[in-house]
There are 2 protein chains.
Amino acid sequence: MRQAENHLVRSLPLFANVSEKHFDELMSTAFLQRFPQGITLIREGDLPDFLHIVVEGSVELFASHDAHETVLDILKPMTTFILAAVIRDEVYLKSARTLSAAQILMIPAQAVRDVFDQDPAFARALVNELAARYRCVVRALKDEKLRNSTERLANWILQEDAHQGNKHQIALGIDKRTLASRLGMTPENLSRNLAQLSKHGVVNSGHDFIIEDIDALRSFAKPNSLIDQ
Amino acid sequence: MRQAENHLVRSLPLFANVSEKHFDELMSTAFLQRFPQGITLIREGDLPDFLHIVVEGSVELFASHDAHETVLDILKPMTTFILAAVIRDEVYLKSARTLSAAQILMIPAQAVRDVFDQDPAFARALVNELAARYRCVVRALKDEKLRNSTERLANWILQEDAHQGNKHQIALGIDKRTLASRLGMTPENLSRNLAQLSKHGVVNSGHDFIIEDIDALRSFAKPNSLIDQ
DNA sequence: CGTCACTTTGATGCTGATCAAAAATGGTGG
DNA sequence: CCACCATTTTTGATCAGCATCAAAGTGACG
């Protein structure tokens, strides 16, 4: 792994207070690997070999059952995934594939468990990370069960605007098909929902969404700090 | 706390390898409290004071938004809850209320965090428990997104039969209103879904469900080890 | 300027929620 | 033991949300 990325990884909260020795132990066996778009990184049902961290690009977590598939999350840098499976050494419950070209840091699962037992700072950081991931899933479940698809879209727009610096102009970055899947709706429905939101201050301009009346959007979306991040 | 319960708690995986000293430290500040049915134990949005463990009875986790409420989980002994909020010292994302009279062990949040930092065995056990809880939520999210309500009911019956010893006769224990809520459907729909399942080997006899043809039920339910426990 | 992929629009059907009412169940007191 | 009442459960009718299939529109790019 090159110096630049090493430094980037070192600065992650997960490794913040880990001793130099243990950080080196983790990194000495780790790979930083580039993948093209559309590659399946892990498959549900397999046993975990590595803890994965998205360093660049984006990754989609999904699951299948009886010829149906659903997107459970979309990850951007710097996020760990399949931490719970690594800790328990049990099969993955989700699959993962790259949504764009991506760089993934892969740390052998056994090394993660070993350093966890030796380094209290790493243990603390890891449990914090896992708790954070847990809370994300709970938020996703609440979003799914307590809102309809138009409300999910409206809140996604508000959140994304905040992430992109409250410019009231949101660059999509992904195609609408993927966004639809992320939001738990079909592309057709996303289209119709966007049409709905024009009544609530949102305009769809090519690959951007523009918020023309944020108060109207807020009052429709009813954002909730116990669901949205 | 009485000796009997102390022993029960001591034998939980969470405390299995914790030193006597640290176990006593946790227990010395803990309460074992009885609650009647229908008591709200925690409210979403509040900050955590205690880690909770269901010792007896059952507890419902739920969340509300915009005049809607949804049941996220039903807990039986011995299960921890709100572990993630305790670890991160952040507000609860769910509320909890007793579904029956219940006994709850409450360990001060600060004690949990302190012992975590001092006792590697407790740290290991706690991260294992949190990972297990994480995987439960992921399973719930998949169940919700990948199955319709009849399939959820069919799989619940299969699981409950296994828990109750494969007698092919399942005692409900809770009223159908609560079961419906647990399974993410209205009582009306539960009733209709049960009628549907009579085509697939399930008979509804008073407060019991009877599986008359488990192969038919299995073939309809399509149980999946990556969704069901 | 034509092709191909993506997106939108239209028509239709399924799933599950809601409201209303009937039926079944269970407990209580005469 | 039975009649009565309250509660739970079931049944029926209707409606909203979302998926699906089909077709038309749009835009990027060779």
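Each chain gets a letter, A, B and so on, in the order the sequences are listed, and its residues count up from 1.
- Note that CD of B:Glu44 and CZ of B:Phe62 are 7.5 Å apart. Values are rounded to the nearest 0.5 Å.
- The separation between B:Leu194 atom CG and D:dT8 atom P is 17 Å, rounded to whole Å.
- Distance CG (A:Leu172) to C1' (D:dA28): 16 Å, rounded to an integer number of Å.
- Residue pairs meeting the salt bridge (charged side-chain N to carboxylate O under 4.0 Å, His left out) criterion with at least one partner in residues 204-220 of chain B, sequence neighbours excluded, are absent.
- One interatomic measurement links the two molecules: CG of B:Asn204 to P of D:dT8, which rounds to 16 Å at whole-angstrom precision.
- Taking every side-chain heavy atom of A:His68 into account, D:dT20 is the closest of D:dT10, C:dT7, D:dT20.
- Salt-bridge check for A:Arg147 with A:Asp228: passed, with a basic side-chain N closer than 4.0 Å to an acidic carboxylate O.
- Side chain of B:Glu188, nearest nucleotide from D:dC21, D:dT9, C:dA20: C:dA20.
- Counting only heavy atoms from C-beta outward, the side chains of A:Ile53 and A:Thr79 never approach each other to under 4.5 Å.
- Counting to the nearest Å, the C1' atom of C:dT7 and the CG atom of A:Asp208 are 16 Å from each other.
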Contact list (N/O, under 3.5 angstrom) for nucleotides 21-27 of chain C vs protein:
none

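- Regarding B:Leu179, its CG atom lies at a distance of 14 Å from the C1' atom of D:dT8, rounded to whole Å.
- Counting to the nearest Å, the P atom of C:dT7 and the CZ atom of A:Arg177 are 7 Å from each other.
- Between A:Leu126 and A:Leu83 there is a side-chain heavy-atom pair separated by less than 4.5 Å.
- Shown here is A:Arg177, whose CZ atom has no more than 12 heavy atoms of other residues, nucleotides or ligands within 6.0 Å.
- The CD atom of B:Gln196 sits 13 Å away from the P atom of C:dC14 (whole-angstrom rounding).
- Side-chain contact, B:Glu129 with B:Thr80: a donor N or O sits under 3.5 Å from an acceptor N or O.
- Between the CD atom of B:Glu69 and the P atom of C:dA17 there is a distance of 15 Å, given to the nearest Å.
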Show me the protein contacts with nucleotides 13-19 of chain D, counting only N or O atoms at under 3.5 Å.
from: D:dA13; atom 1: N6; to: B:Arg192; atom 2: NH2; distance (Å): 3.4
from: D:dC18; atom 1: OP1; to: A:Ser149; atom 2: N; distance (Å): 2.8
from: D:dC18; atom 1: OP2; to: A:Ser149; atom 2: OG; distance (Å): 2.9
from: D:dA19; atom 1: OP2; to: A:Thr186; atom 2: N; distance (Å): 3.4
from: D:dA19; atom 1: OP2; to: A:Thr186; atom 2: OG1; distance (Å): 3.4
from: D:dA19; atom 1: OP2; to: A:Asn189; atom 2: ND2; distance (Å): 2.8

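- Looking at A:Lys199 and A:Gln196, their side chains do bring a donor and an acceptor atom within 3.5 Å of each other.
- Residues B:Glu144 and B:Arg182 are not paired through a salt bridge, judged by the lack of any N-O separation under 4.0 Å between the basic side chain and the carboxylate.
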